[in-house]
Each structure stands twice: as C-alpha cells, then as structure tokens.
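Since the structure comes first, as structure tokens, the remarks are kept for the end.
Order of the sequence lines fixes the chain letters, A, B, ..., with proteins taken first and strands second; residue numbering starts at 1 for each chain. If you're wondering where the values come from, they're calculated on a predicted model, not measured in any experiment.
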There are 2 protein chains.
Amino acid sequence: MGATKTDHFTDQQNKIAIIAKALGHPARIAIIEYLLKVNACICSDIVDELPLAQPTISQHLKELKNAGLIKGSIEGTSICYCINEETFSLLKEYFANIISTVANQKCC
Amino acid sequence: MGATKTDHFTDQQNKIAIIAKALGHPARIAIIEYLLKVNACICSDIVDELPLAQPTISQHLKELKNAGLIKGSIEGTSICYCINEETFSLLKEYFANIISTVANQKCC
DNA sequence: ATCAAATATCGTAATATTACTATATAACAA
DNA sequence: TTGTTATATAGTAATATTACGATATTTGAT
C-alpha cells in the first residue's frame, strides 16, 4: 500500500486535497508569500531568497503550478511566476463555507 | 535527503504548512465534510462512511487532531470528534489576506 | 557560432505517507 | 468475570515526497 485511494472520493474532495497538499510545505508557503511581497511577479530570484537549491525550487514551483496556485509566463530567459487568484478564492470560499456551517453547530 | 527543512522557515509558515498538509488528503477532506454534515459531533461511524479500514481512519483523525483541525472528547466507549472552528478561521483569514493583497497587483 | 544566464529534467538517496492486518486497550453490559 | 464495542497502537509493505548534484534546454548577448 501507500497509494492514496483517490477514486473513492468525489472530484471536489480530491481537488481541494490536491490544492491543500500543494500548500502543505513551508517552502511553498514561503514562495507564495514571496510572490505576494514583491508585488510584481518576479521569477526565480526566489532561489536567492530561500535556503534551497535551484532544482528543488523548480520542483516546488512546478507543484504549485500543477495545483493551480501560481501561473508562469515566459519572459525571455526567465519565467514570470505569479499568484493565481482564482484558486485562492476557491479556497477562501471553501473555508468560509465551513465556518458558517460550524457556527450553527454545538458540540463537544 | 527527503526530510523537510522546517528550521529554515518561520513559525507562521510552518504552521500554515502543517495545517494545509493535514488537509492534503481526500479522506481527511471527506472526514471534515462528514463532521459538518452530521451537525452533531458524531464519532467514528466515519468508518462505515468511508472506504477505509478502521486503523486508517484512526490515523487520519490523529493527523487532523494534531493539526488542530478537529477536537475529540471522550464520551464513554466512543470519542466525539468535531470541527475546531478556530483553526479554520485562521485559514480563512490567511487566504482572505492573500486575496486582498493580490487584488492590488497586476502581473503576467 | 560561442558563451552566459535562467530553468527544467534526470537520477537517486533519505525519509515520510498511506493503508493494511494483527493486536492492544478501555469502558460498559450481562 | 466474560464478552462486546469503540478506538488506538505496532509492525510493515508499497508508494510518494524532498532534496540534491549533474546535466539538459532555451534564450539573449557578443
């Protein structure tokens, strides 16, 4: 075993899980926060910013991109990465929904 | 290699990553959604609800609890698990913040 | 054409996760 | 006590992730 049984869950559940998983690493959170900080969508001087090797950063960027959390567009030799607002909105909605549901519940 | 370099990131970054990671599995999303659905905080008839063995569910519950996403209190033979609103609020705030920051940015 | 800069990909070692079976523990009921 | 129910833990196989060095690839400059 060891493989996740994705086929037993709904598409929505898998989608949220994939996005959350992509955020489930401090380096990827740091990348997101860096992209936010530099306002303009600067590419990989992220390598200078984080204590990780270039191939590792590249791998993390790929996962963020696959999950739809960032977008990247070619800009000469470099690539301009930036936040994909849509996906973050989806997350915010999802959690807002959870909270408003919980608000009406009494438990433990 | 293989171990995450947590010590290079801020406490906040690690905390968000830990919470996100806990949500990064469809079974755990399904557990959260089930807890929301049953309103009252019913314990592990989750085992009947999901296509996973009891110890696997127990393991997933433990991770959700460690991340602070759910709370569990002993109720006789069983344990009453329920959503921990606080942590979800934290997430919602975090993403709301990201969105309002991105809203002012132009990129790619 | 040649070189440098920016990224991506390959291969791989170390470690973590997922899921299971078997077994333990804890609380209540008969 | 004995059994039953609910849950947790231990051990383990299969697989995934993380990180890196080495090596492509791609584009722009000289």
Start with the C-alpha gap between A:H60 and A:L52, add the side-chain angles, then the distance that decides, and say whether side chain to side chain contact (heavy atoms under 4.5 Å, CB included) holds. CA-CA 10 Å; A:H60 283 309; A:L52 293 169; 4.1 Å; yes
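- Of the candidates A:I83, A:L36, A:L35, A:L36 is the only one forming a side chain to side chain contact (heavy atoms under 4.5 Å, CB included) with B:T101.
- Secondary structure note: stems in DNA chain D built from 3 or more consecutive Watson-Crick or G-U wobble pairs under 3.5 Å occupy C:1-30 with D:1-30.
- What separates CG of A:N66 from P of D:dT17 is a distance of 11 Å, to the nearest Å.
- Rounded to an integer number of Å, the gap from CZ of B:F9 to P of D:dT18 is 11 Å.
- Within residues 19-27 of chain A, no residue places a heavy atom under 4.0 Å from DNA chain C.
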Could you run down the sub-3.5 Å N/O contacts of the protein with nucleotides 8-12 of chain D?
unit_1, atom_1, unit_2, atom_2, d
D:dA8, OP1, B:Y81, OH, 2.7
D:dA8, OP2, B:S58, OG, 2.9
D:dA8, N7, B:Q54, NE2, 2.9
D:dA8, N6, B:Q54, OE1, 3.1

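- Contacts of B:T10 classified as side chain to side chain donor-acceptor pair (under 3.5 Å), with partners at least two apart in sequence or in another chain: B:Q13.
- For the residue pair A:Y81 and A:G72, the shortest heavy atom distance occurs at CD2-CA, 3.6 Å.
- Heavy-atom contacts from other residues, nucleotides or ligands closer than 6.0 Å to CG of B:D48 number more than 12.
- Atom CG in B:L50 sits about 14 Å away from atom P in D:dT7, given to the nearest Å.
- The two atoms that bring B:I29 and A:Y94 nearest to each other are CG2-OH, 3.4 Å, heavy atoms only.
- C:dC28 atom P lies 10 Å from atom CD1 of B:I74, rounded to whole Å.
- Residue A:I31 contributes atom CD1, which lies 12 Å from atom P of C:dT7 at whole-angstrom precision.
- Straight-line distance from the CD atom of B:E63 to the P atom of D:dT7: 18 Å, rounded to whole Å.
- Taking both residues in full, the closest heavy atoms of A:E75 and A:C80 are given as OE1-CB, 4.1 Å, listed atom of the first, atom of the second, then distance.
- When all heavy atoms of A:H8 and B:P51 are compared, the pair lying nearest together is CB-CG, 3.3 Å.
- Looking at heavy-atom distances under 4.0 Å, B:I57 makes no contact with the nucleic acid at all.
- Rounded to whole Å, atom C1' of C:dT17 lies 14 Å from atom CG of B:L52.
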Please list, one pair per line, the donor and acceptor atoms closer than 3.5 Å that link side chains of residues 15-26 of chain B to other protein atoms, with sequence neighbours excluded.
unit_1, atom_1, unit_2, atom_2, d
B:H25, ND1, B:A27, N, 3.0
B:H25, NE2, A:T4, OG1, 3.4

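- Rounded to whole Å, atom P of C:dT17 lies 9 Å from atom CZ of B:R28.
- Here B:E33 pairs with nothing under the salt bridge (Lys or Arg N to Asp or Glu O under 4.0 Å) rule; sequence neighbours left out.
- To the nearest 0.5 Å, atoms CD1 (A:I46) and OH (A:Y34) are separated by 7.0 Å.
- Distances shown here put every side-chain N or O of B:T56 at or beyond 4.0 Å from the OP1 or OP2 atom of C:dT18.
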